[in-house]
Amino acid sequence: QVQLVESGGGLVQAGGSLRLSCAASGIIFSSNHMAWYRQAPGKQRELVAGISHNGYTNYANSVKGRFTISRDNAKNTVYLQMNNLKAEDTGVYYCASDDIWSRLTTSPRYWGQGTQVTVSS
């Protein structure tokens with residue numbers, strides 16, 4: 001059974017930082033690509049950042065230079081460091097996993113339950 005469990009969300013003031021974590025089980029973590037998506041109120045879910053099994057990363061234009069995705073294969077965990085947060089970063093952040101990169105960035109096979117991030121202005 002695949003489980004992706006996010007943590008680290010919360011309420012932060014604009015300009016602040018948060019670090020999200022996603023612990024994975026039930027998959028061969030080192031062989032899977034990982035991503036963070038988010039969904040703001042009234043909007044569609046969007047890809048925030050992805051990291052391939054061998055460390056290649058990509059980011060949404062809106063978060064480039066502020067967010068960093070990383071992974072620790074020894075801990076089966078992927079992280080999202082979010083700096084200089086803005087009100088428009090508010091939303092539910094979801095961890096996702098897939099062993100096919102193109103599917104990860106469109107319709108991942110596995111999802112976490114999400115963690116709320118709220119940025120007050």
Side-chain angles (χ1 to χ4, degrees):
Q1 181 183 359
V2 177
Q3 282 193 311
L4 302 175
V5 180
E6 301 98 335
S7 60
L11 174 64
V12 63
Q13 287 189 332
S17 298
L18 282 175
R19 188 195 196 202
L20 305 183
S21 299
C22 170
S25 60
I27 59 172
I28 302 175
F29 185 79
S30 60
S31 299
N32 273 260
H33 313 301
M34 304 296 295
W36 288 96
Y37 282 74
R38 69 185 178 191
Q39 187 165 21
K43 294 188 177 181
Q44 289 189 329
R45 194 175 298 188
E46 63 173 350
L47 176 65
V48 174
I51 185 166
S52 71
H53 66 90
N54 58 0
Y56 167 81
T57 59
N58 73 344
Y59 297 90
N61 287 335
S62 60
V63 306
K64 281 181 181 177
R66 300 188 297 121
F67 290 11
T68 302
I69 188 171
S70 61
R71 63 189 297 157
D72 185 337
N73 288 346
K75 295 182 178 180
N76 286 2
T77 300
V78 62
Y79 304 98
L80 185 68
Q81 178 66 44
M82 305 185 293
N83 298 328
N84 191 22
L85 283 160
K86 304 176 181 179
E88 52 263 41
D89 294 318
T90 293
V92 179
Y93 283 68
Y94 298 90
C95 178
S97 175
D98 206 300
D99 59 356
I100 298 174
W101 180 258
S102 60
R103 198 162 61 192
L104 178 78
T105 59
T106 55
S107 184
R109 186 174 181 184
Y110 301 114
W111 292 93
Q113 82 288 351
T115 186
Q116 177 70 44
V117 172
T118 303
V119 184
S120 63
S121 56

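Reckoned from all heavy atoms, side chains included, excluding hydrogens, waters and symmetry mates. Throughout, numbering of the chain's residues begins at 1 and tracks the sequence.
F29 approaches R71 most closely through the heavy-atom pair O-NH2, 2.7 Å. Residues L47 and A35 approach most closely at CD1-CB, 3.8 Å, considering heavy atoms. Closest heavy-atom contact between I51 and W101: C-CZ3, 3.5 Å. When all heavy atoms of T77 and A23 are compared, the pair lying nearest together is OG1-CA, 4.1 Å. Minimum interatomic distance between A87 and S121 (heavy atoms only, all atoms of both residues): CB-CB, 4.2 Å. Residues Q81 and S17 share a closest heavy-atom pair of NE2-CB, 4.0 Å.
By the criterion of side-chain heavy atoms lying less than 4.5 angstrom apart, applied directly or through intervening Ile, Leu, Val, Met, Phe, Trp or Tyr residues, W111 is not grouped with L20; the two fall into different hydrophobic clusters. When the side chains of ILVMFWY residues are joined at heavy-atom separations under 4.5 Å, either directly or via intervening members, L4 and V48 end up in a single hydrophobic cluster. Residues Y110 and V78 share a single hydrophobic cluster, defined by chaining ILVMFWY side chains whose heavy atoms lie under 4.5 Å apart. Placement of Y37 and L104 in two distinct hydrophobic clusters is found when ILVMFWY residues are connected by side-chain heavy-atom separations under 4.5 Å, directly or transitively. Clustering ILVMFWY residues whenever any of their side-chain heavy atoms sit less than 4.5 angstrom apart, transitively, puts V12 in the very cluster that holds L80.
In this structure, the side chains of H53 and S31 stay at 4.5 Å or more apart for every pair of heavy atoms. Taking 4.5 Å as the limit, every side-chain heavy atom of Y94 sits out of range of all side-chain heavy atoms of P108. With contacts defined as side-chain heavy-atom distances shorter than 4.5 Å, the pair L11/Q116 does not qualify. Side-chain atoms of Y93 and L18, non-hydrogen and from C-beta on, never get closer than 4.5 Å to each other. Between I69 and F67 the shortest side-chain heavy-atom distance does not fall below 4.5 Å. Counting only heavy atoms from C-beta outward, the side chains of S97 and I27 approach each other to under 4.5 Å. In this structure the side chain of R38 reaches within 4.5 angstrom of the side chain of D89, judged on heavy atoms.
A cation-pi contact, defined as under 6.0 Å to the ring centre and within 45° of the axis, is absent between R66 and Y59.
With hydrogens and angles disregarded, a donor-acceptor distance shorter than 3.5 Å links the side chain of E6 to the backbone of G114.
Going from atom CG of D72 over to atom OG of S30 covers 11.5 Å, rounded to the nearest 0.5 Å. Between the CZ atom in R19 and the CE atom in M82 there is a gap of 11.5 Å [rounded to 0.5 Å]. Between atom NZ of residue K64 and atom OG of residue S62 there is a gap of 10.0 Å, rounded to the nearest 0.5 Å.
Residue-environment remark: CZ (R103) exceeds the threshold of 12 foreign heavy atoms within 6.0 Å.
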Just do the side chain to side chain contact (heavy atoms under 4.5 Å, CB included) check on W36 and C95 with the steps written out, would you? CA-CA 5 Å; W36 288 96; C95 178; 4.1 Å; yes

